[in-house]
Amino acid sequence: MTTTVPRPNPLDGCFLAYEREQPGFRPYVGAVMHATGSHPSLSRLREQIAGRVDRMPSLACKVSKRGRRTVWELDPDFDPHRHVREVRTEDGLDSLDRAVDALLAEPIPADAPRWEVRLIHGYASDAYALFYRAHHAAQDGQAVLDALTALFGVGPAAPPRPAVAEAPAGRRTWSRGNPGAWAKRIPVRALAQNLGDAVHGLRPTLTWPPPHPLTGRARLLSRAVPVSWPREVARALGATPNDVCLASLAEALRMWVPEDRPARPAGGRELHVGLPVSLRRPEERRSVGNRISAVRIPLAFWAGSPVDRVIAVASATRRVKTEGMRRVLRAQLELLPEWLVYRIVRQSCAASSALDSSGLLRVSRRLAVGADPIEQVVPTLFLHGDHQFAVSFASYQGQVRVSFVIDRALDDTGDLAVLWAEAVERLWRDVVGSGPDASRPGQVSHA
């Protein structure tokens, strides 16, 4: 089996073009992993990663712009050791916070595959952290999870898949000269819904002015709840845990925004989130680059109760998860030219379009560094444009965790992660009731 590039994905080029237009833009996705034990030496960590990198050969591929073309190629000088560095901190969890926040703004070198691992230690004698980051032109959320499990997963590895930089001849199944061929395979209702969404997406979503001018500097806030809480609420209401996470985000924002920050536009306009939709076919599980799109979803901000909000969000997301909708979104990426996709992406990336979200990512395997268990995985997104924050959700080892990468202009506006966890807890108590998981989640920095 091979890691292939069926064709350069327009989204890969879009993130590179966006970065080229705005040099301070850091379109990186990743995760902070909290490990228990004395930190390993840098050489030992490098050896573990070098010994496992062939489990995900696409890590040896790099993406770049050559004029207007987006090009994927194997890096002939690839050395995994150079992708692993360390950060020494002072004692105390606050120094870990500062180290992570500083790394959010650091560029990843462009002359090699766009990923790295930072070993962060010194803040505790019995704990350390790893920060895995990758350029969004190189990896989407699923690829980040695949990288984490390849480099740190416990148990037998998946069969290696050698990477190839070009698609085999005849691999393409679409034709620009015969657009009707793919259109006939797309349900008319799904296509009409998608076009309707595009028109509706021109209407601005609900926003609030920041209390201070945005700085472009980010910090990471995170909080966790037992995985049983959103799962049991979802089961009771005919929803999914992701629906519960999104509905709780809207509830948290209702508590977070003060009355003296009036919404824009007024008149009861809805709040939306850009819901990621995976477009990977089974044979593309290890393909490089992005196999993802996004659809704008209303969060029922004005719903009469949290329960009503979950039901409304579930109704909105249900239609997005159909195979017909995925085929529409897939066809758009395969047929539209990159310049047009870029215009759509830039429009959808505005804060007036929707909130940035990762969706609920699931880390299915236990992770470790040698014999040291990784206890917590905190996903990270990035700030861009006029967004005040971006939000991620991840499930790992019995916990669902929310992470906010938030602009420092909002340092004194309250902790959105705490409000989200409290919203999930209230919802669980209202719908399910008390039980063995009823203890409140503990406060953990970046965890």
Side-chain angles (χ1 to χ4, degrees), residues 26 28-46 48-49 84-108 116-133 148 152 212 215-226 256 363 367-383 389-392 394 396-422 439-447:
R26 301 286 183 257
Y28 305 145
V29 291
V32 179
M33 296 166 282
H34 295 256
T36 300
S38 300
H39 73 87
S41 66
L42 183 61
S43 61
R44 183 162 70 86
L45 178 61
R46 282 173 167 167
Q48 171 171 329
I49 290 175
V84 186
R85 292 185 286 171
E86 67 181 327
V87 177
R88 296 183 176 89
T89 69
E90 299 174 350
D91 184 53
L93 287 175
D94 286 348
S95 65
L96 170 62
D97 295 350
R98 291 192 296 271
V100 170
D101 294 345
L103 287 173
L104 291 172
E106 282 202 18
I108 297 176
E116 69 171 16
V117 176
R118 295 292 188 103
L119 168 62
I120 307 173
H121 62 88
Y123 61 90
S125 60
D126 58 352
Y128 58 95
L130 303 177
F131 193 177
Y132 177 89
R133 300 194 302 157
L148 297 185
F152 305 106
H212 312 289
T215 67
R217 296 181 292 111
R219 63 188 296 235
L220 181 63
L221 303 173
S222 186
R223 191 78 166 192
V225 298
W256 181 67
V363 186
L367 308 179
V369 182
D372 296 343
I374 290 175
E375 305 289 358
Q376 298 152 352
V377 175
V378 183
T380 62
L381 274 178
F382 49 89
L383 287 176
F389 63 83
V391 59
S392 311
Y396 176 69
Q397 293 297 302
Q399 292 184 324
V400 170
R401 190 171 297 279
V402 69
S403 299
F404 289 89
V405 173
I406 191 165
D407 194 282
R408 298 306 301 253
L410 287 83
D411 278 355
D412 58 355
T413 60
D415 193 326
L416 258 175
V418 170
L419 294 175
W420 177 88
E422 292 174 348
S439 60
R440 296 178 63 84
Q443 176 74 40
V444 181
S445 178
H446 288 320

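For the single chain, residues carry numbers from 1 onward in sequence order.
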Roughly how far apart are [X] [atom1] and [Y] [atom2], rounded to 0.5 Å?
{"X": "Gln376", "Y": "Leu367", "atom1": "CD", "atom2": "CG", "value": "12.0 Å"}
{"X": "Tyr128", "Y": "Met33", "atom1": "OH", "atom2": "CE", "value": "10.0 Å"}
{"X": "Ile406", "Y": "Leu220", "atom1": "CD1", "atom2": "CG", "value": "10.5 Å"}
{"X": "Arg133", "Y": "Ile108", "atom1": "CZ", "atom2": "CD1", "value": "4.5 Å"}
{"X": "His39", "Y": "Ile120", "atom1": "NE2", "atom2": "CD1", "value": "12.5 Å"}

Ignoring hydrogens and geometry, is there a side-chain-to-backbone donor-acceptor pair from [X] to [Y] under 3.5 Å?
{"X": "Ser95", "Y": "Glu90", "answer": "yes"}
{"X": "Arg26", "Y": "Leu104", "answer": "no"}
{"X": "Ser222", "Y": "Val378", "answer": "no"}

If every non-hydrogen atom of [X] is compared with every non-hydrogen atom of [Y], which pair is closest and at what distance?
{"X": "Leu119", "Y": "Pro40", "answer": "CD2-O, 3.5 Å"}
{"X": "Ala31", "Y": "Thr380", "answer": "N-OG1, 3.8 Å"}
{"X": "Gly216", "Y": "Asp407", "answer": "N-OD2, 2.8 Å"}
{"X": "Val405", "Y": "Leu383", "answer": "O-CD2, 3.5 Å"}
{"X": "Tyr123", "Y": "Leu93", "answer": "CD1-CD2, 3.8 Å"}
{"X": "Trp420", "Y": "Arg223", "answer": "CZ3-O, 4.3 Å"}

With [X], which residues qualify under side-chain hydrogen bond (donor to acceptor under 3.5 Å, both in side chains), at least two apart?
{"X": "Gln48", "value": "none"}
{"X": "Tyr132", "value": "Gln139"}
{"X": "Ser38", "value": "none"}

All side chain to side chain contact (heavy atoms under 4.5 Å, CB included) counterparts of [X], not counting sequence neighbours:
{"X": "Arg408", "answer": "Asp101, Thr215, Arg217, Arg219, Asp411"}
{"X": "Ser125", "answer": "none"}
{"X": "Leu381", "answer": "Val29, Ser358, Ala390, Ser392"}
{"X": "Ala394", "answer": "Pro379"}

Under 4.0 Å between a Lys/Arg side-chain N and an Asp/Glu carboxylate O for Glu106 and Arg118?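 Yes.
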Is it the case that over 12 heavy atoms from other parts of the model lie below 6.0 angstrom from the CZ atom of Arg44?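 Yes - once you tally the heavy atoms of other residues, nucleotides and ligands closer than 6.0 Å, there are more than 12.
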Please collect all salt bridge (charged side-chain N to carboxylate O under 4.0 Å, His left out) contacts where either partner lies in residues 371-380, sequence neighbours excluded, each pair once. Arg366-Glu375
Given His34, which partner from the list Leu96, Val377, Leu130 fulfils the side chain to side chain contact (heavy atoms under 4.5 Å, CB included) test?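 So the option named by the test is Leu96.
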Within a strict 4.5 Å, meaning less than it, do heavy atoms of the Ile49 and Phe152 side chains meet? yes
Non-hydrogen side-chain atoms of Val100 and Leu103 separated by less than 4.5 Å: no
Quick one: do Thr36 and Asp126 satisfy side-chain contact (heavy atoms from CB on, under 4.5 Å)? Show the steps, please. CA-CA 6 Å; Thr36 300; Asp126 58 352; 5.6 Å; no
Among residues at least two apart in sequence or on other chains, which ones pass ring pair (Phe, Tyr, Trp, His ring centres under 6.0 Å) with Tyr28?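 So Tyr28 forms a ring pair (Phe, Tyr, Trp, His ring centres under 6.0 Å) with His135.
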Quick one: list whatever passes salt bridge (Lys or Arg N to Asp or Glu O under 4.0 Å) with Arg85, sequence neighbours left out.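 With neighbours one apart ignored, the set is Glu116.
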Any ring pair (Phe, Tyr, Trp, His ring centres under 6.0 Å) involving residues 398-417? Give me the pairs, sequence neighbours left out, ordered by first then second residue.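 Listed once each, the pairs are Phe389-Phe404.
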